[in-house]
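Working notes, structure below.
For clarity, every value in this text was computed on a predicted model and none was experimentally measured. All ligand and atom numbering here is 1-based and tracks the order in the structure. Scope of the values below: all heavy atoms of this structure, side chains included, with no hydrogens, waters or symmetry mates.
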Amino acid sequence: METADCIVVGAGVVGLAVARTMAAAGREVLVLEAEPRIGEHTSSRNSEVIHAGLYYKKGTLRQHLFPRAPQLLYAYCAEHGVPHRRLGKLVVARRAEEVEPLRRHMMHATEAGLDDLTWLEPDEARELEPNLACHAAYLSPSSGIVDSHSLMLAYQAELESYGGTVALRAPVTGGEVMSQGVCIEVGGAEPMTLMCKTLINCAGHGAPPLARAIAGMPASAVPRGYFRRGVYFGVTSRPFKRLIYPMHGPGGMDIHAVVDLAGNVRFGPDVKWIDRLDYSVDPSRAEAFYRSIRSFWPGLPDGVLSPAYAGIRPKITGPDEPPADFVIQGPRDHGIPHLVNLFGIESPGLTSSLAIGEYVAKLLGLKAHMPMPMQAVPAAE
Ligand SMILES: Cc1cc2nc3c(=O)[nH]c(=O)nc-3n(C[C@H](O)[C@H](O)[C@H](O)COP(=O)(O)OP(=O)(O)OC[C@H]3O[C@@H](n4cnc5c(N)ncnc54)[C@H](O)[C@@H]3O)c2cc1C
């Protein structure tokens with residue numbers, strides 16, 4: 001039987017970040033990816049926003065990872081030449097009754113340590129973004145965007161520089177917990193059985209089914225996975241320079257405007273619960289997009305939205321349940337010394353990828369080598 005030291009399942013942005021962190025901490029790492037290319041699923045189907053940490057509830061793992069997560073990511077991008085831009089985000093009240101909730105929202109974020117937020121009256125917001133209609137807004141200058149594919153390639157290159165490997169077309173189909181590690185079955189064109197000392201399950205949508213297929217993993221510790229699709233529509237004009245996030249109810253968000261590194265603007269993601277991985281974009285959803293976008297961009301002309309792409313949030317609670325936090329289970333949670341499972345890593349998983357890598361390394365008793373986070377985040381460029 002072939003043996004390996006540390007196996008990471010899944011070459012999305014989280015799996016690759018975990019892999020580069022484990023390799024930098026001195027482990028021999030092999031990443032097994034089912035697809036023929038890295039980052040084919042959620043990691044290449046998102047908003048590519050570097051979140052500053054405005055929304056996370058006290059006591060959650062999401063909040064625990066901030067503000068370190070974006071600091072690590074900005075430092076990493078600068079150090080490794082990954083294209084990114086700190087363009088800033090406006091969180092906006094579209095209705096008069098949203099102004100007070102928005103104020104509380106900003107206060108909550110300030111209390112959580114974000115000391116760079118600025119309150120804006122409607123004319124001040126319009127000075128920054130002339131197409132924006134709002135009753136109030138606040139500016140988060142340290143929110144930004146990143147080229148997620150370049151980021152994944154940088155993680156992969158770093159992993160390889162430490163002697164690690166990514167094997168593609170290598171789906172892990174199951175395994176068994178043994179006294180000295182985990183024995184796994186790899187399918188694909190060259191099926192094999194591999195024994196590893198440590199297994200880290202970063203399989204995104206595939207994480208719950210994979211954990212269930214590992215004999216010895218307590219079934220009661222594995223959440224059910226759900227699929228919640230969000231689609232995006234693009235425009236050819238460039239109505240906004242910054243990210244625009246409208247308030248929706250107390251603390252929630254509606255369809256937002258995101259800007260890519262080329263300056264192109266797209267809108268999304270919306271919400272639809274589906275029962276399988278299906279990335280199709282239904283053009284008839286445009287009607288709801290026009291309505292929602294015109295609530296903050298009244299000048300949106302008819303007929304300009306075109307379907308862009310879809311992403312699917314890897315949920316671990318269903319439509320009628322409260323949203324779940326990130327779940328990262330280590331030896332203390334399930335009693336298996338050689339196994340870590342990551343479940344429900346939806347937004348802000350891209351922003352948090354390095355911080356998650358650091359968290360996983362610590363769970364396994366390793367000291368992570370991380371980029372030096374910047375002390376002060378410079379204002380929007
Ligand atoms: C619509 C949307 C918008 C988002 N916007 C943002 C944002 O702006 N900012 C932000 O920070 N985060 C955002 N996120 C969240 C972010 O995209 C995810 O948290 C992140 O991409 C998750 O990465 P991952 O590596 O865990 O999962 P994935 O990218 O899904 O990777 C998992 C990998 O595992 C592989 N795999 C699965 N099963 C197996 C198996 N059995 N064997 C081998 N390989 C397997 C898959 O092929 C896949 O490549 C968004 C998410 C969505 C859906």
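Residue Ser43 places a heavy atom less than 4.0 Å from ligand 1. Heavy atoms of Arg313 approach ligand 1 to within less than 4.0 angstrom. Residue Ala170 places a heavy atom under 4.0 Å from ligand 1.
The contact set between ligand 1 and His41, taken as ligand atoms under 4.0 Å from a residue heavy atom, comprises 30 (O), 46 (C), 47 (O), 48 (C). Close approach to Gly349 involves these atoms of ligand 1, each under 4.0 Å from a residue heavy atom: 11 (O), 12 (N), 15 (C), 19 (O). Residue Gly206 has at least one heavy-atom neighbour below 4.0 Å for each of these atoms of ligand 1: 38 (N). With ligand atoms numbered from 1 in the order given, ligand 1 contributes 42 (N), 43 (C) to contacts under 4.0 Å with heavy atoms of Pro171. Of all atoms in ligand 1, listed by their number and element, those nearer than 4.0 Å to a heavy atom of Val13 are 20 (C), 21 (O), 23 (O), 25 (O). Contact atoms of ligand 1 toward Pro348: 10 (C), 11 (O), 12 (N) (distance under 4.0 Å to a heavy atom of the residue). Near Gly15, with a cut-off below 4.0 Å to any heavy atom, the atoms of ligand 1 are 25 (O). Every atom of ligand 1 is numbered from 1 in the order shown, and the set under 4.0 Å from a heavy atom of His51 is 7 (C), 8 (O), 9 (N), 10 (C), 11 (O).
Nearest non-hydrogen protein atom to atom 44 (N) of ligand 1 is Ala34 N, 3.1 Å. Scanning the protein heavy atoms around atom 31 (O) of ligand 1, the nearest turns out to be Gly12 CA, 3.5 Å. Of all protein heavy atoms, the one closest to atom 4 (C) of ligand 1 is Asn46 CB, 3.1 Å. For atom 13 (C) of ligand 1, the nearest protein heavy atom (residue, atom name, distance) is Ser347 OG, 3.5 Å. Closest to atom 39 (C) of ligand 1 among all protein heavy atoms lies Ala203 CB, 3.9 Å. Atom 8 (O) of ligand 1 has as its closest protein heavy atom Val49 N, 3.0 Å.
At a heavy-atom distance under 4.0 Å, only side-chain atoms of Tyr232, from C-beta outward, approach ligand 1. Only the backbone of Cys202 comes within 4.0 Å of ligand 1, judged by heavy-atom distances. Contact annotation for Val9 and ligand 1: only side-chain heavy atoms (C-beta onward) come within less than 4.0 Å of the ligand. By the criterion of a heavy-atom distance under 4.0 Å, the backbone of Ile312, and not its side chain, is placed next to ligand 1. Counting heavy atoms under 4.0 Å from ligand 1, residue Leu32 touches it through the backbone alone.
Not one N or O of Arg45 is nearer than 3.5 Å to an N or O of ligand 1, by distance alone. At a 3.5 angstrom cut-off on N or O pairs, Glu33 counts as close to ligand 1. An N or O contact shorter than 3.5 Å links Ile345 to ligand 1 by distance. Close N/O approach between Glu35 and ligand 1 is not found [any backbone or side-chain N/O within under 3.5 Å]. At under 3.5 Å, not a single nitrogen or oxygen of Ser352, backbone or side chain, sits near a nitrogen or oxygen of ligand 1. The N/O atoms of Val172, backbone and side chain alike, include one that comes under 3.5 Å of an N/O atom in ligand 1. Close N/O approach between Ala11 and ligand 1 is not found [any backbone or side-chain N/O within under 3.5 Å]. Here's the thing with Ser47: one of its N/O atoms is less than 3.5 angstrom from an N/O atom of ligand 1.
Classified by interplanar angle (parallel below 30°, tilted 30° to 60°, perpendicular above 60°), the ring pair Tyr138/Trp119 is parallel. Ring geometry for His51 against Tyr55 counts as perpendicular: the plane angle is over 60°, on a 0 to 90° scale with 30° as the lower cut.
Both tests hold for Lys89 against Tyr245: distance to the six-membered ring centre under 6.0 Å, angle to the ring axis within 45°.
Connectivity analysis of hydrophobic side chains (ILVMFWY, heavy atoms under 4.5 Å, direct or indirect) links Val177 to Ile7, Val9, Leu30, Leu32, Val172, Val182, Ile184, Val186, Met192, Leu194, Leu199, Leu210, Ile214, Met217, Val222, Ile316, Val327, Ile336, Leu339, Phe343.
The side-chain heavy atoms of Leu342 and Phe326, taken from C-beta on, include no pair separated by under 4.5 Å. Between Phe240 and Phe296 there is a side-chain heavy-atom pair separated by less than 4.5 Å.
Applying side-chain hydrogen bond (donor to acceptor under 3.5 Å, both in side chains) to Thr193 and the options Glu176, Glu2, Glu185 leaves one that passes, Glu185. Considering Leu159, Thr21, Thr165 as possible partners of Val29, the one that fulfils the side-chain contact (heavy atoms from CB on, under 4.5 Å) test is Leu159.
Transitive grouping of hydrophobic side chains (ILVMFWY, heavy atoms separated by less than 4.5 Å) keeps Ile274 and Tyr226 in distinct clusters.
At least one donor-acceptor pair closer than 3.5 Å links the side chain of Arg313 to the backbone N or O of Arg228. Within the 3.5 Å criterion, the main-chain N or O of Arg37 finds no donor-acceptor partner in the side chain of Glu35. Between the side chain of Thr351 and the backbone N or O of Ala52 there is no donor-acceptor pair closer than 3.5 Å. Not a single donor-acceptor pair under 3.5 Å links the side chain of Glu48 to the backbone N or O of Asp260.
Considering only residues two or more places apart in sequence or on other chains, Asp282 meets the side-chain hydrogen bond (donor to acceptor under 3.5 Å, both in side chains) condition with Ser284.
The residue among Gly10, Ser44, Pro36 with a heavy atom at the shortest distance from atom 34 (O) of ligand 1 is Gly10. Residue Leu350 holds the heavy atom nearest to atom 16 (C) of ligand 1 of all those in Leu350, Thr351, Thr173.
Taking the centre of each ring, His64 and Tyr56 stay at or above the 6.0 Å mark. Phe267 has its ring centre no less than 6.0 Å from the ring centre of Phe289.
Looking only at atom types and distance, the side chain of Tyr309 has no donor-acceptor partner in the side chain of Ser44 under 3.5 Å away.
The environment of Glu190 atom CD is sparse: at most 12 non-hydrogen atoms of other residues, nucleotides or ligands sit within 6.0 angstrom.
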